[in-house]
Trainee: 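Structure provided below as C-alpha cells; questions to follow.
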Amino acid sequence: MKQFLRNKSAVTGTIIVGILIITAIFADAIAPKDPYQMDIWESFRPPEGLRGEYILGTDDMGRDVLSRIIVGSRISLLVAIIATGVSLVFGVTLGAIAGYVGGITDAIIMRIMDLILAFPSILLAIAIVASLGPGVVNAMLAIAIVRIPAMVRVTRSMVLSLREEDFVAAAQALGLSHTRILFRHILVNCYAPILVVATLNMGTAITVEATLSFLGLGAQPPIISWGRMLALGREAIRTAPHITVFPGLAIVFTTLGFNLLGDGLRDISDPQLRGR
Amino acid sequence: MRIRLFLVALLVMVVGLGGIANASSDTLVIGSGAEAVGLDPRLETDVPSFERINVIMEPLVKFDVEMNLVPALATDWEFSDDALTLTFYLREGVKWHDGKPFTAEDVKYTFEWVLDPSNAAPNRGLYADIDRIEVVNDHVVSFHLGKPYSFLLNNIARMPITPAHDGDREDFRQAPIGTGPYKLVQWTRDDRMVLAANDEYWGGKPNIPNLVFRAIPENATRLLAFEAGEIDIYQGGVVPQELPRLESDPRFVVQRVPGTGYNYLGFNTQVGALSDVRVRQAINYLINREGIVTRVLNNIGTPGIGPIPETLPWFNPDVQRYEYNPEKAKELLKEAGYGPGDISLRLFTNENPDRVRIAEILQFEAQQIGVKIEVFVEEWGAYLSRVQETDDFDIFILGWAGQLDPDRAMIRQFHTDGANNYGKYSNERLDYLLEYGRTVPPDSQESIEIYREAQEIVVREVPYGFINYSEEVGLHHNYIKNWRVHPYGAGAWQDVHLIVKER
Amino acid sequence: MIRYIVRRLVQMIPLLLGISILVFLLVHLSPGDPVRMLLGEEATEEDVERLNAIYGFDLPLHIQYFRWLSNALRGNLGDSIRQGISVTTLLSERLGATLELAVVSVIIAVALGIPLGIIAAVRRGSLVDYFSMILALVGVSTPGFWLGLMLLTHVALKVDWLPMFGRDGSIFGGLWILITQMRVDVLLEGLRHVLLPAVSIGTGMMAIVTRLTRSSMLEVLGKDYIRTAKAKGLNNQVVVLKHALRNALLPVITIIGIQFGAMLGGAVVTETVFAWPGVGRLIVNAIRQRDFPIIQGGVLMMAVVFALVNLAVDISYALVNPRIRYD
C-alpha cells in the first residue's frame with residue numbers, strides 16, 4: 001500500500017479513474033442539464049463558460065455538450081470494464097490451460113491466438129461488428145475478442161514459469177487436483193501482471209470503442225458515447241469545434257487515467273523496476 | 001534478367017506517379033465525395049461514377065440545368081403515332097477519342113449490351129420495354145417497344161453511349177474512351193483522375209486544358225481543401241453549418257438549386273400498429289419538418305410534401321399537408337385505440353449523420369406523446385438487406401435521388417408489385433393509375449391529372465412520411481466562371497468544357 | 001539462418017489458411033448481400049437473382065470457398081464485385097501508399113521515441129524525464145483519427161505549406177529522383193503530404209517506443225556488465241550508446257514489429273480523414289459494400305505483410321545481438 005501511495009502514476013491514475021467512476025455513477029445528478037433534451041433552435045451554441053447556461057455549448061441538436069460528456073462516461077466505463085472482463089475470463093482460462101497442460105492443447109490454443117493476432121486489431125473489430133451488426137454489446141464483444149491474445153500470452157508465460165516452482169511440485173505430490181492447483185496455487189501468484197495488462201486493456205478498449213462509434217458501428221442512439229459525439233460533430237468542426245474537441249479530450253483524459261494506473265501497477269509489481 | 005526487369009518495372013511503378021501540378025490556371029481541380037467505382041455507364045449505379053463518366057461520354061439526350069431534355073449525341077427524336085417506336089436522329093461529324101466516327105451502331109451496341117441478360121448490367125430494368133433496336137442508317141436509329149412507355153426518353157438520358165469498336169475491351173471500365181469534352185489520361189484510384197481536353201469536341205474546344213478529379217470522402221476535409229485552394233470547385237456534401245460563412249465570403253460562390261430527390265420515413269404497412277393508417281398519419285404529424293430543414297439541414301432543402309419534386313409539372317400542390325402537430329398525433333392514436341405507452345416501434349437507418357439526427361429527433365418527439373421508438377443505426381450493407389429482403393422493421397429512413405418523372409418517382413415505390421415497395425403498401429386504385437400513366441403522353445393534361453390523383457392517395461395513406469426535398473449545393477472559387485449547379489449531381493460536370501478559370 | 005527462415009515461412013501456411021477460412025465465414029455469414037449493394041436502392045428481385053448466378057453466390061459455401069482457394073493458390077484473388085478489377089491490382093496499387101504511411105509513421109516514432117527514451121532513462125527523475133513520460137502517456141491515450149482532425153483544423157489550416165489531404169507522388173520515388181537526378185522537389189512534395197497523417201498515426205507508437213526504450217534502458221543500465229564497464233573508466237557516453245543501447249533496443253524492435261502490423265490496418269480512419277489512398281480504406285469500404293473478394297484478399301495480404309514484418313524483426317534480432325542463434 002505504501003508503495004502504491006508513493007507511486008505518482010498509480011495515484012494520479014487512481015484519481016482520474018475514480019473521478020470517472022464517480023461521474024458515471026452520479027451522472028444524472030452531476031449533469032447540469034438533461035443530456036437527451038433537444039432543442040434544435042438552440043443548436044451550435046458556443047461554450048459559455050462556468051457562468052453561462054451551456055458551459056461547454058450545445059451540439060448539433062441543441063443538447064448540452066457538458067451533460068452529454070458526463071453521461072457518456074457511463075458507456076466508456078461500461079465498455080472498458082465488460083470488454084476487459086470478458087477478455088480477462090477467456091484469456092486467463094485459455095492461457096492457464098495452455099501453460100499448465102502444455103503439449104498439443106497449448107499448441108492449438110496458441111495457434112488460434114496467432115490467428116487473431118495476425119489481423120490488425122481495429123480491422124478485425126470492424127469486421128466482427130460488421131458481421132454481428134452494430135451496437136454497443138457487439139462492439140464490446142469485438143473489443144474483448146481482439147484483446148484476448150494479450151491476456152493469454154501473459155497468463156501462459158506466468159503459468160509456465162510457476163509450474164516448475166517447488167510449491168507446485170509439492171501440491172502435486174500431495175495429490176491435489178490439477179484444477180485446484182491451477183486456480184488456488186498458480187493463478188493467485190500471477191495476478192499482478194494480469195492486473196497490469198487488464199488495466200492497460202481498459203484504456204485501449206475506450207479508444208477502440210470511440211473508433212467503432214466514430215464509424216457508426218458502436219453505441220446506437222439514444223445511448224450517448226463520446227465516439228458517436230465526435231462522429232456527428234466532425235462535419236461542423238470549423239464553426240462548432242467544441243462538439244469535437246471536448247469529447248475527444250474526455251477520451252484522452254480517461255484513457256490516460258487507465259494507462260497511468262496500469263503503469264503504476266506495473267512499476268509496483270515488477271520488483272526489478274521498483275523504485276525507478 | 002527476369003529479376004532485373006521486375007525491378008525496373010517496380011521502379012517505373014513507384015517513380016512514374018511523380019508529382020502532378022495542382023490547381024494551376026490550366027488545370028481545373030474538382031472535388032468529389034467518393035471515388036468512382038468504374039467508368040462504364042452500362043455497369044455503374046452511383047453518382048460519383050457518373051459525375052466523371054458524363055465528362056468523358058455522352059448520352060443521346062441529356063437534362064440541362066433547368067431539367068429540360070436537350071440534344072446531346074442525338075439532335076432530334078420522335079415517337080411514332082402508336083407510341084411503339086422511338087427514333088433518334090444522331091449528330092453528324094462526332095468522333096470518338098480515338099478518332100473513329102460515332103454512328104448508330106454504337107447506340108445499338110450500347111443498349112443491346114445492357115439488355116443482354118448474360119451481362120451484369122444492373123440497370124437493365126430501365127430499358128426492359130425495348131424489344132428491338134434498328135439501325136436505319138449511320139445517323140438514324142429506332143427503338144421498337146413491346147408496349148408504350150412514355151417515360152423511356154428519361155431513362156435513355158441516363159445512359160451515355162459506349163463505342164461498339166472498343167466497348168468490349170477488357171479494361172474499358174478503367175480506361176474508357178468516349179465522345180465527351182475530356183479524355184481520360186490517368187486514374188489512380190482513391191487519389192486522383194486526370195483528364196485532358198478533347199480539342200476535337202463537337203461542342204467546342206474546352207477552355208481549360210486539364211481536369212483533375214480528387215476523391216475526398218470526409219466533408220470537413222473536402223471543405224478545408226477547398227478553402228485552402230487545393231480544389232477549385234465541387235458539388236454536393238457542402239457542410240450545411242458552414243453555408244452562412246461561405247456565402248458571405250467574397251472569395252467563394254455558393255450556388256443552390258432544388259434537387260431531384262427527397263428523404264422519407266418508410267413504414268411497414270403490414271405489421272403491427274403501423275398497419276393502421278391512423279397510426280402512420282400520427283407519426284407523420286410528429287415530423288418537425290421545418291425544424292429539421294432549418295436546423296439539421298441548415299436550410300438546404302425544403303419541407304417534404306409528396307413523392308414528386310416541386311419543380312416537376314406533375315407536382316400536386318393541393319395534397320393534404322402534415323404540419324408538425326403532436327396534439328393531432330395523440331388524437332389519431334387515441335382514435336386508433338392506442339394510449340401512451342401502448343406502441344413501441346423499431347426505426348432503422350444507416351450511419352448517414354443527417355438521417356441519424358432525424359431519427360433522434362423523431363425518437364424524442366415520439367417519446368413526448370408516449371410512443372416508444374427504438375433507433376437502430378446499421379451499417380449500410382446490413383441495413384439495405386434488412387429493408388429490401390425482410391419485413392423485420394417498423395420504420396426506416398431512406399432517400400431517393402434522380403426522381404425525374406412521376407413514373408420513376410412512384411411505380412417502383414408504391415405499386416403493389418413495385419420492386420422497391422419495401423413497406424408492402426397496396427392500393428388498387430393507385431396500381432391502376434400508375435400502370436395507366438405509363439401509356440399516356442407525358443406532356444398531356446391527362447398525364448398530369450393521373451399523377452395528381454396518385455399523389456393524393458399516397459399522401460393520404462402515408463406509406464411514406466416525406467421529410468424533406470433535397471437541394472443541390474455547388475461551391476466554387478470566384479475565379480471560376482460559366483458554371484451552374486445541376487439539380488442532379490450526376491450531371492454536375494456535363495458542360496465542364498465551358499468553364500473558365502480566370503487566374 | 002536460411003533453414004530458420006524457411007521453417008518460419010512454412011509455418012505461415014496453416015496460419016494463412018486458417019485466416020482465409022475465418023474471414024470467409026465471417027464475411028459470408030454476415031447479413032448483407034453484395035449484389036444488393038451493387039444494385040443499390042433500385043434493385044429488382046429478378047436482377048438480384050440474375051447477378052447472384054453470374055457471380056456464383058448461389059453455390060454452396062464450401063464450393064465457393066474451394067473455388068476461391070484454388071484460384072488464390074494460383075495467385076488470383078478474384079475480381080472485385082463492385083469494380084470488376086482484379087483484387088491483386090486493387091491491393092498492389094494501394095500497398096505503396098499504405099507502406100509509405102506506415103514507414104514514415106514508424107520513422108517519426110523511432111526518431112523521436114528512442115532518443116527521448118534514452119534521455120529520460122539517463123536523466124531519470126529530471127524535468128526531461130517527466131516531460132517525456134507525460135508526452136508518452138498522452139500520446140498512447142489519444143485516438144489517432146481525433147488527433148488527425150485536430151491537426152487539420154489547428155495546424156494545416158494555419159500553415160500554408162501543409163496540404164489538407166491526399167497523396168502527391170511517392171516518397172520512395174522522390175528518394176530515387178533525389179539520388180539519380182539530384183532533384184529534391186518530388187521528395188518534398190511527397191513528404192509534405194505524408195507528414196500530418198503520419199504524425200496522427202505515429203504519435204501513439206512514438207509514445208510506446210519512448211516508454212519502452214526508457215524502461216529497457218533503465219534495466220540494462222542496472223546490469224553488472226554496464227557497471228563494470230563504467231568502473232573500468234569507460235566514457236559514460238560510450239557506455240550508454242555502445243553497450244547499453246544495443247541490448248536495450250531488443251524489446252523495442254519487437255514492439256516496432258507488432259506496431260507496424262497494427263498500423264497497416266489501424267490507419268483506416270486516419271486514411272479516411274486525410275483522404276489517403278491506402279489499403280485500410282479499401283478494405284473498410286469493401287466491408288461496407290460486402291465486396292467479398294476484396295475483404296478476403298485484403299485481409300490475407302495484411303496478414304502476410306504482418307507475418308513477414310515479424311519475421312524480419314526476428315531476423316534483425318540476430319543482427320543487433322549476435323549472441324542469439326537460430327537453428
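Worth saying up front: this structure is predicted, and the values here are computed from it rather than measured. Convention: sequence-line order gives letters A, B, ...; per-chain numbering from 1.
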Trainee: Report yes if the distance between the aromatic ring centroids of Phe393(B) and Phe348(B) is under 6.0 Å, otherwise no.
Mentor: no

Trainee: Measure from the side-chain N and O atoms of Arg50(C) to the backbone N and O of Pro117(B), and report whether any donor-acceptor pair falls under 3.5 Å.
Mentor: yes

Trainee: Please classify the contact between Ser49(B) and chain C as side chain, backbone, both or neither, with a heavy-atom cut-off of under 4.5 Å.
Mentor: neither

Trainee: Scan residues 148-160 of chain C for pairs that pass side-chain hydrogen bond (donor to acceptor under 3.5 Å, both in side chains), counting only residues two or more places apart or in two chains.
Mentor: none

Trainee: Which one wins on heavy-atom pair count under 4.5 Å against chain C: Gly38(B), Ala34(B), Pro217(B)?
Mentor: Pro217(B)

Trainee: If I measure from the heavy atoms of chain C, does Ala220(B) come under 4.5 Å with its side chain, its backbone, both, or neither?
Mentor: neither

Trainee: At a 4.5 Å cut-off on heavy atoms, which part of Ala120(B) comes close to chain C: side chain, backbone, both, or neither?
Mentor: both

Trainee: A cation-pi test, strictly: NZ or CZ of Arg52(B) under 6.0 Å from the centre of the six-membered ring of Trp187(B) and no more than 45 degrees from its axis. Yes or no?
Mentor: no

Trainee: Quick one: of Leu224(B), Leu43(B), Asp191(B), who has the most non-hydrogen atom pairs under 4.5 Å with chain C?
Mentor: Leu224(B)

Trainee: Which answer fits Arg82(C), side chain, backbone, both or neither, if we ask what part of it has an atom under 4.5 Å from a heavy atom of chain B?
Mentor: both

Trainee: Considering only heavy atoms, which portion of Leu90(C) lies under 4.5 Å from any heavy atom of chain B: side chain, backbone, both, or neither?
Mentor: side chain

Trainee: Suppose we screen for ring pair (Phe, Tyr, Trp, His ring centres under 6.0 Å). Which residues come up paired with Phe151(B), at least two apart in sequence or across chains?
Mentor: Trp314(B)

